[in-house]
Visitor: 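Below is one structure. I have some questions about it.
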Amino acid sequence: MEVIRAGKMGFCFGVREAVELSEALYIKEKNKRIFMLGMLVHNEHVIEDLRKKGIEILEEETVLKNEDDLAEGDIVIIRAHGTIKKIYDRLSEKKVEIHDAACSFVTGIRNTLVEMENKGYDTIFIGDKEHPEVKGIISFGKRVSIFGNLNELKDSGIDRNGRYAVLTQTTLNKNNFEKIREYIYNNFPNAEIFNKICGATFVRQKAAEKLAGEVDLVLVIGGKKSSNTRKLYDISKGINPKTYLVHEPEDIGADWFAGIKKVGITAGASTPEEIIIKIENKLRGIIDV
Ligand code: F3S
């Protein structure tokens with residue numbers, strides 16, 4: 001039996017940077033209290049590992065309600081998805097050291113939004129308004145109209161002659177983006193559209209799609225709260241019914257492998273390499289028996 005990895009899987013650039021920043025702070029700032037705002041990345045193993053090092057989770061709600069016990073000089077790491085402006089403001093008021101691990105794709109969109117507003121543009125934002133990344137980005141704007149998808153924009157009755165900067169969520173599907181671009185181009189003469197899509201999730205999805213068609217069974221490794229892991233699972237399951245979502249080695253069922261010759265593995269953008277290796281080892285144990 002063969003174990004085959006997807007061509008692209010595991011940590012994306014933004015998640016890697018956030019984890020590396022936290023680990024560097026832990027090594028350098030032994031005498032300070034260090035907190036991560038919410039889940040730094042959507043993987044329970046990563047969070048547990050950081051907690052063991054003494055980096056505690058600080059919930060956004062706690063900061064917003066002013067129920068935290070933050071003191072001057074404490075360190076707060078902003079998670080990879082970023083957060084809302086009010087939290088940045090609160091943290092600054094408390095004179096804590098803010099280390100912003102928001103991914104540069106996220107901060108890039110945020111900065112463009114602010115820049116364009118300052119130039120007099122309103123913002124049309126297309127993305128999931130419940131997603132923390134989107135909540136964070138749009139909180140920096142004053143004149144933002146948000147739409148879940150192109151149809152919502154089409155139905156909105158928004159003034160087509162306005163001056164708009166059109167921005168989207170980092171993970172928007174590229175095909176959808178092209179449709180939006182075309183629609184904006186044809187219907188909004190004074191709009192500027194920005195392509196700020198991060199390719200990390202897309203390339204992982206494409207690799208999972210390819211893998212699912214080439215193996216007998218697929219294991220998708222990732223956190224329970226990771227939406228990009230769930231998406232990899234859905235894509236793979238649609239192609240290969242023997243697709244399983246696993247969080248840790250213990251989730252693997254020995255009876256899944258009867259008659260299986262090729263096992264494919266893929267992992268979400270916040271799944272650490274250590275867990276992938278542990279699962280591969282467990283898999284080889286099962287296979288060798
Ligand atoms: Fe950043 Fe893209 Fe990862 S936006 S956090 S590199 S999925």
Side-chain angles (χ1 to χ4, degrees), residues 6-25 36-47 49-50 55 57 60 76-84 87-88 98-114 125-140 146 166-177 180 193-209 220-236 266-276:
K8 197 79 189 169
M9 56 187 258
F11 270 12
C12 64
F13 143 87
V15 166
R16 174 166 293 114
E17 295 240 304
V19 173
E20 284 177 1
L21 171 74
S22 308
E23 285 173 347
L25 282 169
M36 54 185 143
L37 189 75
M39 278 181 88
L40 184 80
V41 301
H42 277 153
N43 185 279
E44 293 81 357
H45 294 289
V46 175
I47 300 303
D49 193 45
L50 292 172
I55 303 180
I57 293 184
E60 284 182 311
V76 178
I77 309 166
I78 308 290
R79 61 175 175 215
H81 281 315
T83 189
I84 58 173
I87 300 251
Y88 283 97
I98 302 173
H99 290 261
D100 199 347
C103 169
S104 52
F105 281 96
V106 175
T107 50
I109 299 176
R110 199 165 81 188
N111 294 344
T112 303
L113 186 153
V114 173
F125 195 96
I126 300 182
D128 173 5
K129 53 186 111 181
E130 296 308 322
H131 195 286
E133 170 197 314
V134 175
K135 285 185 183 171
I137 292 169
I138 64 173
S139 71
F140 281 79
I146 176 156
V166 183
L167 292 160
T168 66
Q169 195 170 344
T170 54
T171 49
L172 190 81
N173 173 298
K174 285 190 178 176
N175 297 334
N176 287 345
F177 179 80
I180 292 164
I193 179 158
F194 294 86
N195 182 353
K196 302 262 182 192
I197 295 174
C198 152
T201 48
F202 181 74
V203 293
R204 278 158 187 71
Q205 288 168 12
K206 280 284 159 211
E209 194 178 301
V220 180
I221 310 166
K224 292 171 191 148
K225 291 183 183 159
S226 161
S227 61
N228 79 80
T229 303
R230 169 52 64 174
K231 186 79 185 146
L232 291 178
Y233 171 80
D234 291 342
I235 289 170
S236 178
T266 183
S270 46
T271 307
E273 181 65 18
E274 293 83 343
I275 290 297
I276 300 171

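Values reported hereafter were calculated over all heavy atoms of this structure, with side chains retained and with hydrogens, waters and symmetry mates removed. Remember, it's 1-based here, ligands and their atoms both numbered in the order they're listed. Everything numeric here is computed off the predicted structure, so don't read it as measured data.
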Visitor: Give me the residue, atom name and distance of the protein heavy atom closest to atom 3 (Fe) of ligand 1.
Guide: Cys12 SG, 2.3 Å

Visitor: Would you mind telling me which of Leu40, Leu37, Ile98 makes a side-chain contact (heavy atoms from CB on, under 4.5 Å) with Ile77?
Guide: Leu40

Visitor: May I ask you to test the Met9-Thr271 pair for a side-chain heavy-atom distance under 4.5 Å?
Guide: no

Visitor: As an exercise, identify every atom of ligand 1 less than 4.0 angstrom from a heavy atom of Thr170.
Guide: 4 (S)

Visitor: For atom 2 (Fe) of ligand 1, what's the nearest protein heavy-atom neighbour? Residue, atom name and distance, please.
Guide: Cys198 SG, 2.3 Å

Visitor: What closest approach, in Å, do Leu21 and Ala101 show between heavy atoms, and which atom pair accounts for it?
Guide: CD2-CB, 3.7 Å

Visitor: Once you round to the nearest 0.5 Å, how far does CD1 of Ile137 lie from CG of Asn111?
Guide: 10.0 Å

Visitor: Has Cys103 got an N/O/S atom less than 2.8 Å from atom 1 (Fe) of ligand 1?
Guide: yes

Visitor: Any carboxylate oxygen within less than 4.0 angstrom of a Lys/Arg side-chain nitrogen, looking at Glu60 and Arg79?
Guide: yes

Visitor: For ligand 1, which atoms sit closer than 4.0 Å to a heavy atom of Gly14?
Guide: 5 (S), 6 (S)

